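Not measured: the values here are computed from a predicted model. Excluded from the calculations below are hydrogen atoms, water molecules and symmetry mates; all remaining heavy atoms, backbone and side chain alike, are included.
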Amino acid sequence: MSEQEKGSLRLYRVYIQKILNPAYVMCYMKEWLADETVEKIQSKVEKMGPTAGAELFLESILELTSYMGLYEAIENWDFTLIENLEQHRALLKRIEPSLRTLDPGQLLPHLNECLIDQEEEEIRQKARSYQEELAEPALSGKHTIICAPTGSGKTFVSVMICDHHFRNMPAGKKGKVIFLATKVPVYEQQKKVFQEHFQRSNYTVAGICGGTAADAPVAMTIEGNDIIVMTPQVLVNCLNDQTLSSLSLFTLMIFDECHNTIGNHPYSILMSKYLDLKFDDPGAPLPQIIGLTASLGVGSAKNLTETVNHICTLCASLNAECISTVRRNVKDLEEVICKPRKIIKPVEKRPKSRFVNIILDLMAETECLARNLNAIDDFHPTTIKSFGTQKYEQWIIGVQQKCRVLKLPDKEEESRICRALFIYTEHLRKYNDALIINEDARTQDALAYLKEFFDNIRSGGFDELEQQLASNFEAKLLELNATSEDECNENPKLEEITFILGEEYRLNPQTRTLLFVKTRALVAALKNWIEENPRLRHLKPDVLMGRGKRNQNTGMTLPNQKGVLDSFKTDGESKILIATSVADEGIDIASCNLVLLYEYTGNVIKMIQVRGRGRAKDSKCFLVTSKSEQAENENNNILKERMMNKAIEDIQTWDEKTFLQKINDVQRQLKTMQDSKKKEPQVKLQTGTHRLLCGKCKAFACDTEHIRVIEGAHHTVLGENFRKRYRTEPHPKPNSYGNFEKRCKVYCNDAKCQHDWGITVRYKAFEDLPIIKIESFSVEDVATGKQSYFRKWKNINFALKEFDIEEMSG
């Protein structure tokens, strides 16, 4: 570069320094500048800003002897072009307020040809002022609960904290971050966020959840990655079985939806282990704790003082040193957050129809048959037992559990009575379900549910007793069909839903709706109703449910859940998603602008979480209910939300010393309770001989000494004798999970019973291994004859052996 050219460059030096950001051109200059010079310029930009960096950049350019590009650009620059941009700047200023509400992440894919990587990365990493405020305590190293509305970008704040954590690790120390998400769809969503953010960095991200833990070497995955996104129960299991030594492996733990740190939730178990480390091993390194939530809740508090105590207990459980909320940058937050307008729509109760009266008569008749056989009211006494309610179902479950352990001197009589009572109560349960479906959906949906039930029992063990009950139903079927087709028998709640959806889609055809319901049966019923309704079928409903453990036929697999969510988020065909509680926390659907709660209420946390699913501008949230107590509960939740916010504000006025002392006092109380529980005598596993009996007919199934535990959670039975006691049918939904490939359903071999015992699987090299569920059996102590019932394997009181491949080979 000649002296004249350098002189021209110096002439425009001040102007260049003001407008040039070296970061945008450095990637093109590495061929001309030494690595050391590039590092110095980048360091200058980070510490002192782009102007200082530009000054150093120009000095470096002036020292070059062969680079001409910048000089030529300045020489040919027509500054009138810049002056002509004033009009565009004015227009940009006018639309700036609306631009501030846009999500850059949604726009960037459409601008990738206009932006270089550096610009795109800076846009992605640019935090809003309120997000910086939320992150402040955590960035200073404090254990922090971040409480901010849904849709405010708490996950992005956690990414900021994570990034800062790595960049500020002491020399010679390596950071290890774990992000915990309570539900698998949320886990998938957050894993994707972290992977996309850190894909250009040197930090690696991995994910482990219940569905993948069996396939992944957990310890190696954690050791080999910097950030691990995980469901909490997997971490609890790894600590309990010593796959991981302690929480000291991590330097930062982030708890998504941290309000769940109560009771026996996995979050509580993890933090109890944390408190053990803190108080019992003061020298052990402890990870920084970050909690994320939209609501801290009020627990069972009835007043402000109790609410303060509840929040302090939650803070103590999470070792929090402060609660971070938006206080200085409220206006910035309000520009982003679109709080849905809450509307409660009371609807008249459905008039009692002939359909309901017929079902009530059938239930009364079935109850009478059961009472003639045994005093079932003594099995599970209750003061309120109304047909068509959840309380009635609980009574049925209690009676069934007592039936399983009913002991009579005559074993044949015991088998006959237990099987009969099981059949009677199962029919009562289905009739009760039908009444609940009829109350919330169409009569034809309730009738279809019953028809499917009777079709299924005809294809199974259809004995004289079931034949009698089926005949009773069929005798009324003609009348039931007629009343289900009666147009006068419309459900007022469905008419209200039709009106709301019709109006909302008329005003905005691009509306995206989340419809929350309480049961899976209602999910299916409402999907059928919308698809068959000429006014609504264009919405093409889709469904989102949990995985399902008791009845695998009604749940959704993890890939199905992910596929439905991805489709709905990306403007797929479906404009309405019917969901159970699996979608009420953490799911991010930016375009959702209508939330319908169909007889769906809960506590104040659920209210805030569900309301927050409506993320789009001008969102609405409707509660449709015919129950006055539901509307009253929702109004009470609104008051509790105000009480919670006031309690947080009061706590934030305390000086730091007072707050920390309170948290320390509560932690010591929690630790004392933990230690006292550990000192309680552990339930001693019985070593005598036990055997499993079919929970329906009491037929002998197997001795417990032949049961083996596979991978800590699955239970098989060894020996050919057991195989003679069950029959199999192809599984209606065969699939794979971990090392298991689901093949068949397993049923009791008694032709009059055919009770569901479990499934058969292919496990590694082993074909057709039976996997049994303990809830299908009674457990008999051979020595005493006493029978017990266990809903879950973890509750059993007898010892079991681990599955041994060598034993199988031998």
With R725 via salt bridge (Lys or Arg N to Asp or Glu O under 4.0 Å) - residues at least two apart: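 Testing R725 for salt bridge (Lys or Arg N to Asp or Glu O under 4.0 Å), a comparison that skips the adjacent residues, returns none.
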Contacts of K192 that satisfy salt bridge (Lys or Arg N to Asp or Glu O under 4.0 Å) - sequence neighbours left out: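 For K192, no residue satisfies salt bridge (Lys or Arg N to Asp or Glu O under 4.0 Å) once neighbours in sequence are set aside.
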Minimum-distance pair of heavy atoms, taken over all atoms of I178 and M230: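 Nearest heavy atoms, I178 then M230: CD1-SD, 3.9 Å.
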Least distance between heavy atoms, L244 atom then A219 atom: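 Heavy atoms of L244 and A219 come nearest at CD2-CA, 4.1 Å.
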Test item: T716 side-chain N/O and P770 main-chain N/O as donor-acceptor pair under 3.5 Å: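 At least one qualifying donor-acceptor pair exists.
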Summary of salt bridge (charged side-chain N to carboxylate O under 4.0 Å, His left out) pairs that have at least one residue in residues 218-236, sequence neighbours excluded: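 Of all non-adjacent pairs touching residues 218-236, those that pass salt bridge (charged side-chain N to carboxylate O under 4.0 Å, His left out) are K174-D226.
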Salt bridge (charged side-chain N to carboxylate O under 4.0 Å, His left out) contacts touching residues 265-293 (sequence neighbours left out):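 For residues 265-293, and leaving out neighbouring residues, the salt bridge (charged side-chain N to carboxylate O under 4.0 Å, His left out) pairs sorted by first residue read D276-K671, D276-K678, D280-K671.
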Spatial distance of atom CG (N721) from atom NZ (K724) [nearest 0.5 Å]: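 Here the rounded value is 5.0 Å.
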Interatomic spacing from NZ in K801 to CD1 in I707 - rounded to 0.5 Å: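 Here the interatomic distance stands at 12.0 Å.
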Results of side chain to side chain contact (heavy atoms under 4.5 Å, CB included) for N795 - residues two or more places apart only: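 Partners of N795 by the side chain to side chain contact (heavy atoms under 4.5 Å, CB included) criterion, ordered by chain and then number, come out as F790, K792.
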Partners passing side chain to side chain contact (heavy atoms under 4.5 Å, CB included) against H310 (at least two apart in sequence or in another chain):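 Side chain to side chain contact (heavy atoms under 4.5 Å, CB included) check on H310 returns nothing, list empty.
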Aromatic centroids of H714 and F740 separated by under 6.0 Å: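 For F740 and H714, the ring centres are under 6.0 Å apart.
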E780 and R691 ion-paired at < 4.0 Å: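 Judged by the 4.0 Å cut-off on N to carboxylate O distance, E780 and R691 do form a salt bridge.
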